[in-house]
Amino acid sequence: MAKVKGPTPQSQDFSQWYLDTIQLAELADYAPVRGTIVVRPYGYALWEHIQRVLDGMFKATGHQNAYFPLFIPMSFLQKEAEHVEGFSPELAVVTHAGGEELEEPLAVRPTSETIIGYMWSRWIRSWRDLPQLLNQWNNVVRWELRTRPFLRTSEFLWQEGHTAHATREEAEEETARMLGVYLKFAREYAALPVIPGKKTEREKFAGAVYTTTLEGMMKDGRALQSATSHFLGQNFARAFEITFQDKDLKEKHVWTTSWGLSWRIIGGIIMTHGDDRGLVLPPRLAPVQVVIVPIYKAESKERVLAAAKKLEAELTAAGLRVHTDDRDQYTPGYKFHDWELRGVPYRVELGPRDVEANAAVIKSRIGEKETAALPELKDLLPARLEALHGELFERALRFRRERTRVVDDYEAFKEAVAEGFALAYHCGDAACEKAIQEETKATARVIPLEFPAHGVLQDDEVLREAGEGVCVRCGRPAAYGRRVVFARAY
RNA sequence: CGGGGCGUAGCGCAGUCCGGCAGCGCGCCUGCUUUGGGGGCAGGAUGUCGCAGGUUCAAAUCCUGCCGCCCCGACCA
C-alpha cells in the first residue's frame with residue numbers, strides 16, 4: 001500500500017482540510033494576484049449546474065437576464081450615503097486608462113445597485129414600466145484584506161437580481177419571494193439545511209432598509225451566509241431620482257429590491273457535506289453523478305470496457321451524468337480514492353466477475369458496497385441518487401440541531417458559540433451586539449423568520465417560536481419578539 | 001494596516017548556525033510487469049536556491065536593501 005494522500009483530517013485542522021480539498025479535487029487554484037482564484041473545469045462545472053438551476057427559477061418567477069457594465073463612475077457610488085460608507089474601503093478603482101489619467105475615476109463594481117438605478121431613472125416613466133424584474137450573472141470586485149477560496153475572494157462570480165416596483169408591498173413581496181427561491185435551491189438542490197430570516201441593523205446590506213438571509217452551519221460549527229435578499233425601500237430611488245407617474249397622476253419614487261447568491265455557496269456545500277476523504281457533492285448538482293470504474297486484466301480488458309460503455313450509454317439515456325474512468329495508468333484502488341476525493345455521489349465497480357454474472361458493485365459516496373444486477377441499474381441509480389440527496393440533507397440538519405443550543409445566560413452563550421449556534425434573546429442595540437463580537441467572536445447571524453406564502457419556513461419548532469425575554473448579555477428587554485441565532489461566521 | 005513565520009525542482013521539504021559538487025520524498029517521462037481499495041522493478045528528465053547589490057579565491061549559506069506569500073488580529077458576500 002502506498003502512502004495515503006488526502007486532505008488534512010477535519011478534526012486536525014478544518015481550515016486546512018478545506019484548502020487541501022479544493023486543491024486536491026481540482027475545484028480551484030490560486031491565481032497570481034493575491035485573493036484571486038482560478039476556477040478549474042471541475043469547479044466550474046459545479047458552478048454551471050448551480051447557475052442552470054437558479055436561472056430556471058428566476059425565469060419561472062418572471063425575471064429576465066441583462067448585463068450592466070463592469071465600470072461605474074465613482075460619483076454613482078457616492079450618491080447613497082450608507083452604500084458608499086459600506087463599500088468604499090473595499091473598492092478597486094481605475095484611475096488610468098489609454099495611457100492617461102481619467103477625469104473621473106471608475107470603480108470596478110462591488111455590486112450594481114447604483115448603475116442599474118441610474119439606468120432605471122432613464123427607463124422608468126410610467127406605472128406601466130413597472131415592475132422591472134432583472135437579473136445578471138457577473139463578476140464583482142471587493143478588495144478584501146483576508147481571503148479564502150470561494151468564501152472571500154477579491155473577485156467573485158455571483159448573480160445579482162434587481163427589481164423596481166410601484167408599491168412598498170410589492171417590493172417586500174419580491175424580497176420574500178426571492179428568499180424563498182434561494183431556500184428552495186439550498187434545500188432541494190444543495191441539500192443545505194439553512195435558517196431563513198432577517199439580519200439585524202448592524203449586519204444588514206449597506207443601503208438596505210432590511211436584509212433577509214439564509215444562514216447555514218458548517219462542519220466546524222461556524223455560520224455561513226449563503227444568500228441574501230434585500231428590501232431597499234426608496235433609498236436608491238431617491239439617490240438616483242427613479243420616479244414614475246402613477247395611476248393617480250402623482251409622481252412617485254419606485255421601491256427597489258436586490259438579491260444575490262455567489263460562488264460562496266460552493267464553499268458552503270464543501271464545508272457542509274465534505275468529510276476526511278474529500279468532497280461529498282449533492283447529487284442534483286454534482287458534475288458527475290455516477291462514475292463507472294472498470295476493473296480488468298489484459299485478457300479481460302476488452303469485454304469489461306465494452307460492458308462499461310454499454311452501461312454508460314444506458315445510464316446516460318436514463319438522464320444521469322455518467323463518467324467511465326478508463327484511464328489505463330491507474331489501478332482501481334487509486335480511482336476509488338480519486339473519485340471519492342472529487343465527491344462523486346455514486347460509483348459503479350465493474351470487473352470480469354461482475355460482467356460474467358451480469359451484475360455490478362455499487363457504492364454511494366457515504367455508504368457501503370452492494371451488488372446489483374446490471375439491467376436494473378438504470379432504474380436503481382436514479383432512485384438511489386434521490387435517496388442520497390435526502391440523506392445528506394438529514395445528516396446536515398441533524399448536525400445543526402446537535403450543535404445548536406438555547407441559552408439564557410452569557411456563560412452558556414459563550415460555550416454555545418464556541419461549537420455552534422446559540423439561540424438567545426438580544427436587546428437589539430448595535431453597541432451591545434458589537435460588544436458580544438469583541439467578547440466572544442460571535443455575531444448576530446439571523447433573526448429567524450417565516451414567509452409561508454413564499455415557502456419560507458423553519459425546519460425546527462425552536463426557530464419558529466415567538467417569545468419575550470431579556471438580553472443574554474446586558475439584561476435589557478429583548479427586541480425582535482424571538483430568539484436570535486448567534487455564531488462565529490465566515 | 002499591526003504582530004509572527006516562510007521563500008531551494010511541479011508539490012512538500014532538508015541543506016543556511018559553521019561558506020567548498022544542488023539534495024530527499026511524492027509527482028512527471030520511458031520500458032517491462034501489474035490491476036476487486038492509492039502496485040513492483042529498472043532507467044530518465046526537471047533549478048534565476050524570491051530579486052538586487054555587497055564581502056570572498058569561492059555564496060542557497062555571511063552583510064545590506066527590496067519584493068512576495070502564509071498564519072494570527074482589526075474589516076467583510
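Reminder, nothing fancy here: chain letters follow the sequence lines and each chain counts from 1.
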Exercise. Expressed in whole Å, how much space separates the P atoms belonging to B:rU61 and B:rA45?
Worked result: 27 Å
Exercise. Could you give the NZ-to-P distance, from A:Lys301 to B:rU34, as a whole number of Å?
Worked result: 14 Å
Exercise. So what does A:Tyr490 touch, heavy atoms closer than 4.0 Å: a base, only the sugar-phosphate, or nothing?
Worked result: nothing
Problem set entry | Spacing of A:Gln16 atom CD relative to B:rG12 atom C1', expressed in whole Å | 12 Å
For this session: Assess whether atom NZ of A:Lys198 is packed by more than 12 heavy atoms of other residues, nucleotides or ligands within 6.0 Å.
Result: no
Problem set entry | Between B:rG39 (P) and A:Gln329 (CD): distance, integer Å | 12 Å
Seminar exercise, completed: Paired with A:Tyr118, the ring-ring contact (aromatic ring centres under 6.0 Å, His included) test is passed by just one of A:Phe240, A:Phe68, A:Phe76, namely A:Phe76
For this session: With heavy atoms under 4.0 Å as the rule, sort A:Glu349 into base, sugar-phosphate or nothing.
Result: base
Seminar exercise, completed: Partner of B:rG31 under the Watson-Crick or G-U wobble criteria, both distances under 3.5 Å, comes out as B:rC41
For this session: Indicate, with a heavy-atom threshold strictly under 4.0 Å, whether A:Val361 touches base, sugar-phosphate, or nothing.
Result: base
For this session: Would you verify whether the NZ or CZ of A:Arg347 falls within 45 degrees of the ring axis of A:Phe336 while also being under 6.0 Å from that six-membered ring's centre?
Result: yes
Problem set entry | Between C1' of B:rG36 and CD1 of A:Ile292, the distance in whole Å | 16 Å
Exercise. Does atom NZ of A:Lys414 have more than 12 heavy-atom neighbours from other groups under 6.0 Å away?
Worked result: yes
Problem set entry | 5' precedence on RNA chain B between A:Thr331 and A:Tyr30 (nearest-nucleotide basis) | A:Thr331
Exercise. Looking at A:Tyr410, A:Phe486, A:Tyr480, which one forms a ring-ring contact (aromatic ring centres under 6.0 Å, His included) with A:His426?
Worked result: A:Phe486
Exercise. Whom does B:rC49 pair with, Watson-Crick or G-U wobble, provided both distances fall under 3.5 Å?
Worked result: none
Exercise. Roughly how far apart, to the nearest Å, are B:rU56 and B:rG12 at atom C1'?
Worked result: 34 Å
For this session: In whole angstrom, give me the gap between the P atoms of B:rC62 and B:rC6.
Result: 13 Å
Problem set entry | Whole-angstrom distance between B:rC28 and B:rG65, as gauged at atom C1' | 38 Å
Problem set entry | C1' gap between B:rG47 and B:rG4, integer Å | 30 Å
Exercise. Which part of the nucleic acid, if any, lies within reach of A:Leu224 when heavy atoms closer than 4.0 Å are counted: base, sugar-phosphate only, or nothing?
Worked result: nothing
Problem set entry | Side chain of A:Arg347 (C-beta onward), nearest among B:rG36, B:rG37, B:rA77 | B:rG37
Exercise. Are more than 12 heavy atoms from other residues, nucleotides or ligands located less than 6.0 Å from atom CD of A:Glu302?
Worked result: no
Exercise. How far does the C1' atom of B:rA59 sit from the matching atom of B:rC17, given to the nearest Å?
Worked result: 15 Å
For this session: Among the candidates B:rG37, B:rG38, B:rG36, find the nucleotide nearest to the side-chain atoms of A:Asp338.
Result: B:rG38
For this session: Give none if B:rU61 has no partner; otherwise give the nucleotide forming a Watson-Crick or G-U wobble pair with it, both distances under 3.5 Å.
Result: none
Exercise. When you look at CD of A:Glu356, are more than 12 heavy atoms from neighbouring residues, nucleotides or ligands closer to it than 6.0 Å?
Worked result: no
Exercise. Can you tell me how far P of B:rA77 sits from CD of A:Gln225, to the nearest Å?
Worked result: 6 Å
Exercise. Between A:Thr153 and A:Arg148, do the side chains contain an N or O donor and an N or O acceptor separated by less than 3.5 Å?
Worked result: no
Problem set entry | For atom CG of A:Leu214 and atom C1' of B:rA77, their distance in whole Å | 13 Å
Problem set entry | Same-atom distance (P) from B:rG15 to B:rC24, integer angstrom | 15 Å
For this session: When you get a sec, tell me which of B:rG38, B:rU35, B:rA77 is the closest nucleotide to the side chain of A:Ser262?
Result: B:rA77
For this session: Specify the separation, in whole Å, of atom CH2 of A:Trp143 and atom P of B:rA77.
Result: 17 Å
Exercise. Should we say atom NZ of A:Lys434 is surrounded by more than 12 heavy atoms from elsewhere, each under 6.0 Å from it?
Worked result: no
For this session: Report yes or no: is there a donor-acceptor pair, N or O only, under 3.5 Å between the side chain of A:Arg277 and the base of B:rG38?
Result: no
Exercise. Between atom NZ in A:Lys369 and atom P in B:rG36, what is the gap in whole Å?
Worked result: 10 Å
Exercise. Between B:rG37, B:rA77, B:rG36, which nucleotide gets closest to the side-chain atoms of A:Thr153?
Worked result: B:rA77
For this session: Scan every strand shown for a Watson-Crick or G-U wobble partner of B:rG19, both distances under 3.5 Å, and answer none if you come up empty.
Result: none
Taking only nitrogen or oxygen atoms into account, show me every contact under 3.5 Å that the protein makes with nucleotides 73-75 of chain B, one pair per line with its distance.
from, atom 1, to, atom 2, distance (Å)
B:rG73, OP1, A:Lys441, NZ, 3.4

Exercise. Is there a donor and acceptor pair, one atom on the side chain of A:Glu340 and one on the base of B:rG38, closer than 3.5 Å?
Worked result: no
For this session: Could you check whether A:Ser154 gets within reach of a base, just the sugar-phosphate, or nothing at all, counting any heavy atom under 4.0 Å?
Result: nothing
Exercise. Has the side chain of A:Lys363 got a donor or acceptor atom sitting under 3.5 Å from an opposite partner on the base of B:rG37?
Worked result: no
Exercise. Given that A:His337 and A:Phe205 both sit by RNA chain B, which one's nearest nucleotide is further toward the 5' end?
Worked result: A:His337
Problem set entry | Criterion side-chain contact (heavy atoms from CB on, under 4.5 Å) against A:Ile292, the qualifying member of A:Val348, A:Ile362, A:Leu377 | A:Val348
For this session: For B:rU55 versus B:rA74, give the span between their C1' atoms, rounded off to a whole number of Å.
Result: 43 Å
Exercise. Which base sits across from B:rG68 as a Watson-Crick or G-U pair, both distances under 3.5 Å?
Worked result: B:rC6
